[in-house]
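This report concerns only the one structure given below.
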Amino acid sequence: MNKTDWPLYEVFIRSRHGLSHKHVGSVHAADETMAMENARELYTRRNEGTSIWVVDSNAICASAPEQKDAMFTSPVEKIYRHPSFYQLPASVDKM
Amino acid sequence: MYAQMVETGVKQVKDRADMDAQEAAFMAQIDAEDKIEPQSWMPEAYRKTLIRQISQHAHSEIIGMQPEGNWLTRAPTLKRKLQLAAKIQDECGHGLYLYSAAETLGASRSQMLDDLHTGKAKYSSIFNYPTLSWADIGAVGWLVDGAAIVNQVMLQRTSYGPYARAMVRICKEESFHQRQGYELLLTMMQQGTQAQKDMVQDSINRLWWPSLMMFGPTDDESPNSAQSMAWKIKRKGNDEIRQQFIDQTIPQLEVLGCTVPDPDLKWNEETGHYDYGTIDWAEFFAVIKGNGPCNKQRLARKVQAHENGAWVREAAIAYADKQANTKSQQSNTNKVA
């Protein structure tokens, strides 16, 4: 008997029009068509979505936790990138 | 609880003074209520404990389809049949969410299934009891899923991110299970014949104690429980959630107009909780060891289903390979043209 697992696919669902697809979990499937069917059965039994993406898990490139500082610290320091950094007179502060 | 007595592999809770910098940082993350994610560093014992717990939890969901499936073709109305089919499909889905969560820790799906099929991995003791009457379907939804919800609500705050997220999905769906079960019993009690009402009481008599056992033994002296609590895999003790379940269930029992088979059960004004009798732990351990009423039948049925499905899995892979080959040949042809 074939003991190896079927390939793993990550599942993304758009819950409503106007929202972006969001990761909800994963499914095993022999191919993309089956991955789509399995994702539909597993993740949208209660009107959860209007659209599904399935992506081969191997195709995802993720940032490593140890790179967290290098990748995400700098923008925190750049407070001038946020509108609240700029002090304006009260009369025009709704800007 | 769907995962009982999960082995952590530790003899006593590890002292913080004995931890190296990496493990101390891990514990600081746990203390700060930061979720541990698949790529985070984690102690090997934490990873193994989670794989054991999550896979046991998944196996429980999968085996849990059997006692319910027993009544699917004999549901009294089409409406009840559809509800039961939907519930059983949910249980399968819960198993799959959980297997996926365990796989993020490096466990393989086929290995987990092998461990279940060979009897190496456990599942909840509750599913080794038979469903003898239609009322059992109601009692399973109300009591068994009710007990599972108390546990799973707690697990929504477990320290491992993928497990916590699976629990959030599962809890949303479990609520339907419990309500449909209770409504089923209520309908029998309010509109049923005397024989049907007796059936409900009989069902509660048989399933009450096994439901209380779902939370596992008292965890006073267990190093496994203490370690799981330190890691925040578990957030509450077994007795605490068992008490919570009893306190919330007895008022519902009274609305049904039924009783539980426990002469010691009574409201305690002083503690603000129900007192209850002693649980027969000898029975619990016998069921866990494989000697419950249905252990052999449940496992044999699961193995049979897996073996009967082998040709489907093989055919699906063969088809996928063929499609992939055809595609690559076509693209080669296109290049030549």
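Please read these numbers as outputs of a predicted model, since none were measured by experiment. Chain A is the first sequence line, chain B the second, and so forth, proteins listed ahead of strands; every chain is numbered from 1.
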Qualifying ring pair (Phe, Tyr, Trp, His ring centres under 6.0 Å) pairs, either residue in residues 9-49 of chain A, two or more places apart: A:Phe12-A:His23, A:His21-A:Trp53, A:Tyr43-B:Tyr97

Heavy-atom neighbours of B:Lys48 NZ exceed 12 at 6.0 Å: no

Portion of B:Ser40 that has a non-hydrogen atom of chain A nearer than 4.5 angstrom: backbone

A:Glu32 CD: over 12 foreign heavy atoms closer than 6.0 Å: no

Spatial distance of atom CG (A:Asp5) from atom CG (B:Leu113) [nearest 0.5 Å]: 8.0 Å

Donor-acceptor pair, side chain of A:Asp31 and main chain of B:Ala320, under 3.5 angstrom: no

Minimum heavy-atom distance B:Gln39-A:Ser63, with the two atoms named: OE1-O, 3.2 Å

From CA spacing to verdict: side-chain contact (heavy atoms from CB on, under 4.5 Å), B:Gln323, A:Thr33: CA-CA 11 Å; B:Gln323 294 297 106; A:Thr33 313; over 6 Å; no

Minimal non-hydrogen separation, B:Ala316 against A:Met34, with atom names: CB-CE, 3.5 Å

Point-to-point distance, once rounded to the nearest 0.5 Å, from OG of B:Ser100 to CG of A:Leu42: 7.0 Å

Interchain contact, B:Arg165 with chain A, by part (heavy-atom threshold 4.5 Å): neither

Enclosure of B:Asp20 CG (heavy-atom neighbours >12, cutoff 6.0 Å): yes

Interface moiety of B:Tyr319 toward chain A, non-hydrogen atoms closer than 4.5 Å: side chain

Heavy-atom contact with chain B under 4.5 Å, split by part of A:Glu48: side chain

Contact origin within B:Glu103 toward chain A - heavy atom pairs under 4.5 Å: side chain

Over 12 foreign heavy atoms within 6.0 Å of NZ, B:Lys232: yes

Charged N-O contact under 4.0 Å between A:Arg46 and B:Asp90: yes

